[in-house]
Q: 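Mind having a look at this structure? Questions to follow.
All of these numbers come straight from a predicted model, not from anything done at the bench. Order of the sequence lines sets the chain letters (A, B, ...), proteins ahead of strands, with each chain counted from 1.
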Number of protein chains: 2
Amino acid sequence: MIESIDRRETSFHKLQTELGKVIANTPPGERLPSEPRLSKQLGVSRATLREAMRAFEGQGIIRRKQGVGTFVISHTHVIESGLEVLESIETISKRLDLPVSMGEKTITFISADDELALMFDMPVRTPLVKVERVINVEDRPVAFLIDIVVNDILLPVDLQKGFTGSVLDFLIRRGNPTLSHSVAEIQAVAASSDIARYLEIQRGDPLIQLSAKLYSDEGRMIDASSSYFLPGVFRFQVVRRVGSL
Amino acid sequence: MIESIDRRETSFHKLQTELGKVIANTPPGERLPSEPRLSKQLGVSRATLREAMRAFEGQGIIRRKQGVGTFVISHTHVIESGLEVLESIETISKRLDLPVSMGEKTITFISADDELALMFDMPVRTPLVKVERVINVEDRPVAFLIDIVVNDILLPVDLQKGFTGSVLDFLIRRGNPTLSHSVAEIQAVAASSDIARYLEIQRGDPLIQLSAKLYSDEGRMIDASSSYFLPGVFRFQVVRRVGSL
DNA sequence: CCATTTGATATTGTCTGACAATTGACAAGG
DNA sequence: CCTTGTCAATTGTCAGACAATATCAAATGG
């Protein structure tokens, strides 16, 4: 039944969140508690704890030295994210225990013009929903996000129930349609006057722009988003492999 | 002796490499051998194997399902033009048949200051080689690249023989040391006056900056690079998979 | 005959306890 | 002052066991 939608808040996820808090509350360069102590503190075995730590290590957040201890590398207040996995800012922030809040949120109902119709592969005038929002870190705007979603995916009734603002989180939580992947293009742009006003910066200041298209497992395009990030606050990482893999 | 610098990294790195081969040789969507079988096959315990797998899972390459097995996520050929594969600009341009030429090239011999020493995990004053170059497309500068390499990797004698300017291509062609992967961070920056002059743009114009660290298969950092690209000319794409934990 | 339940089986998730390898600190001795 | 040895703390790895979960086939009941 629809019962099994939300097994994502499992124990391991919880563990990662808890561990993230511990790391976030440890000053950069400082040592974490030893693994036996941490495992007892978090209520898991050392083996399980080590798996969780490995994930953080892979993102370059902590570094382990045999015979010495585990150290925190990057400082808080920098949203660090591997680009390979698609996660909402809320999810990343929660894991890293960052003080993130949502600022201005605007929802408008539009209909597809030629460009959008082509992009979504749907007829012109197809009803769409446009979600614009500002992300704050400690009451300072750091990102401006625009999502355009097909109307039948994000119904008006959905917008009232469990919609926090993150289209991605909402779709993941609902589980229908099943999401597959997203293709994103990264650019550097100069802030337009509109966006500069939202982010309280100067027009012409450099921004990171992420233009992404989100696809369902059936290959249907569900969401087109354009996101603008303040450099310095966000660090986008990607692992590049040589040759065959 | 200096011999045993990295034995702890090598063993786990080796395991990751071996595991990566197994994953690469498994068709997308197919199941990997079970953990007990794999651990026996790779000669490590199940706990250690699971830590290695967790790293791959964090990068969205595999997905584990309790009671079912571990599956390889489709790493199709879409990513070939994306950021996930580490290629030199020369290689990419050649494939796309772009009229690329190299402009100004500067090679200087420097010694590690505190920051570089920490970055390379080597003593201060370690001799390093710095390679700076400009990339032109149709006689217009579009990228400015800085590479900093350990001295014993890129010997002065190498610089005369087969060195076109691309450190990456040179190391790939030589095959020693074997390259593993690179971790790159993407940022948007405003052009400094130096770089603006190189690229013939205005100071403050937005640029894409790629800061990358290149690692050998033994886990040793070989090259630190900082690259600046003109937006519009270069399009950086990345495929993001839905985070499923 | 078909739908449902049940059980067997395979796989991942987690735990426990132990030992090995490495590091840093300190004392002993030259 | 420098070297050497010892010791404790920490991470790295291992083996084995049990729990939780999904899959599939057989048994069951209508």
Side-chain angles (χ1 to χ4, degrees), chain A residues 1-19 22-23 26 29-58 60-73 175 178, chain B residues 1-19 22-23 26 29-58 61-73 121 123 218-220 244-245:
Chain A
M1 300 298 286
I2 321 173
E3 193 60 36
S4 64
I5 287 182
D6 220 2
R7 224 175 303 94
R8 301 176 202 290
E9 278 298 329
T10 48
S11 59
F12 190 82
H13 218 74
K14 215 169 193 172
L15 170 60
Q16 272 199 320
T17 305
E18 290 303 311
L19 179 57
V22 174
I23 294 174
T26 304
E30 287 299 299
R31 211 191 67 185
L32 289 177
S34 70
E35 293 180 358
R37 256 198 294 279
L38 250 185
S39 63
K40 183 168 287 187
Q41 176 181 330
L42 297 177
V44 297
S45 75
R46 212 185 129 210
T48 304
L49 171 67
R50 280 180 61 82
E51 283 195 41
M53 296 179 82
R54 181 70 71 181
F56 281 95
E57 189 186 21
I61 295 177
I62 60 177
R63 170 156 185 179
R64 295 138 102 182
K65 284 188 184 177
Q66 182 173 159
V68 186
T70 303
F71 298 85
V72 177
I73 294 184
T178 306
Chain B
M1 304 296 285
I2 319 176
E3 194 62 34
S4 64
I5 287 182
D6 262 347
R7 201 162 52 247
R8 75 177 183 283
E9 292 255 20
T10 33
S11 118
F12 190 81
H13 241 84
K14 212 168 192 172
L15 170 60
Q16 276 198 317
T17 305
E18 290 304 310
L19 180 56
V22 173
I23 293 174
T26 304
E30 287 299 300
R31 212 192 65 186
L32 290 177
S34 71
E35 293 180 357
R37 257 198 294 278
L38 251 186
S39 63
K40 182 168 287 186
Q41 175 181 331
L42 297 176
V44 297
S45 75
R46 211 184 131 211
T48 305
L49 171 68
R50 279 180 63 82
E51 281 196 42
M53 296 178 81
R54 181 71 70 179
F56 280 94
E57 188 185 22
I61 296 176
I62 60 176
R63 170 164 182 173
R64 296 140 101 180
K65 285 187 186 176
Q66 183 172 158
V68 186
T70 303
F71 297 86
V72 177
I73 304 295
D121 194 21
E218 293 171 344
R220 182 181 171 201
S244 55
L245 287 180

Q: What distance separates B:L32 CG from B:R63 CZ, expressed to the nearest 0.5 Å?
A: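 So the CG of B:L32 and the CZ of B:R63 are separated by 14.0 Å.
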Q: Please report, rounded to the nearest Å, how far the P atom of D:dT21 is from the CZ atom of B:R63.
A: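 About 16 Å, once rounded to whole Å.
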Q: For A:R46, enumerate each residue passing the side-chain hydrogen bond (donor to acceptor under 3.5 Å, both in side chains) test, keeping only those at least two apart in sequence or located in another chain.
A: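 Counting only residues at least two positions away or on another chain, A:R46 forms a side-chain hydrogen bond (donor to acceptor under 3.5 Å, both in side chains) with A:E35.
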Q: To the nearest Å, how far apart are B:L32 CG and C:dA10 P?
A: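 Between P of C:dA10 and CG of B:L32: 19 Å.
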Q: Rounded to the nearest 0.5 Å, how far apart are CZ of B:R50 and OG1 of A:T48?
A: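 Separation between the atoms: 7.5 Å.
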Q: Which residues pass the side-chain contact (heavy atoms from CB on, under 4.5 Å) test with B:A47, sequence neighbours left out?
A: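 B:A47 satisfies side-chain contact (heavy atoms from CB on, under 4.5 Å) with B:S45 once adjacent residues are dropped.
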Q: Please list, chain by chain and in numerical order, all residues satisfying side-chain contact (heavy atoms from CB on, under 4.5 Å) with B:E18, sequence neighbours excluded.
A: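 If we apply the side-chain contact (heavy atoms from CB on, under 4.5 Å) test to B:E18, skipping adjacent residues, the hits are B:K21, B:L42.
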Q: Whole-Å distance between D:dT21 C1' and B:F71 CZ?
A: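 Answer to the nearest Å: 13 Å.
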Q: Under the side-chain hydrogen bond (donor to acceptor under 3.5 Å, both in side chains) test, which residues partner A:T70, sequence neighbours left out?
A: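 Not a single residue meets the side-chain hydrogen bond (donor to acceptor under 3.5 Å, both in side chains) criterion with A:T70.
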Q: Is the phosphate of D:dA9, meaning OP1 or OP2, less than 4.0 Å from a side-chain N or O of A:R31?
A: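 Checking A:R31 against D:dA9: no side-chain N or O falls below 4.0 Å of OP1 or OP2.
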Q: Roughly how far, to the nearest 0.5 Å, is the CG atom of A:L19 from the CD1 atom of A:I62?
A: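 That separation rounds to 6.5 Å.
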Q: If you find the nucleotide of DNA chain C closest to A:G67 and the one closest to B:G67, which residue's nucleotide is nearer the 5' end?
A: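 Mapping each residue to its closest nucleotide by heavy atoms, the 5'-most match is B:G67.
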Q: Between the axis at one end of the helix from C:dC1-D:dG30 to C:dG30-D:dC1 and the axis at the other (five pairs apiece), what's the angle to 10 degrees?
A: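 Taking five pairs per end, the axes differ by 0°.
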Q: Among all residues two or more places apart in sequence or in another chain, which pass the side-chain hydrogen bond (donor to acceptor under 3.5 Å, both in side chains) test with A:R54?
A: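 A:R54 satisfies side-chain hydrogen bond (donor to acceptor under 3.5 Å, both in side chains) with A:E57, B:E51 only.
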Q: Can you pull every protein N or O that's under 3.5 Å from an N or O on nucleotides 13-16 of chain C?
A:
residue: C:dG13; atom: OP2; partner: B:R50; partner atom: NH1; Å: 2.6
residue: C:dG13; atom: OP2; partner: B:R50; partner atom: NH2; Å: 3.1
residue: C:dG13; atom: OP2; partner: B:R64; partner atom: NE; Å: 3.2
residue: C:dG13; atom: OP2; partner: B:R64; partner atom: NH2; Å: 3.4
residue: C:dG13; atom: O4'; partner: B:Q66; partner atom: NE2; Å: 3.4
residue: C:dG13; atom: N7; partner: B:R46; partner atom: NH2; Å: 2.7
residue: C:dG13; atom: O6; partner: B:R46; partner atom: NH1; Å: 3.3
residue: C:dT14; atom: OP1; partner: A:S11; partner atom: OG; Å: 3.2
residue: C:dT14; atom: O4; partner: B:R46; partner atom: NH1; Å: 3.3
residue: C:dC15; atom: OP2; partner: A:S45; partner atom: N; Å: 2.8
residue: C:dC15; atom: OP2; partner: A:S45; partner atom: OG; Å: 3.1
residue: C:dC15; atom: OP2; partner: A:T48; partner atom: OG1; Å: 2.8

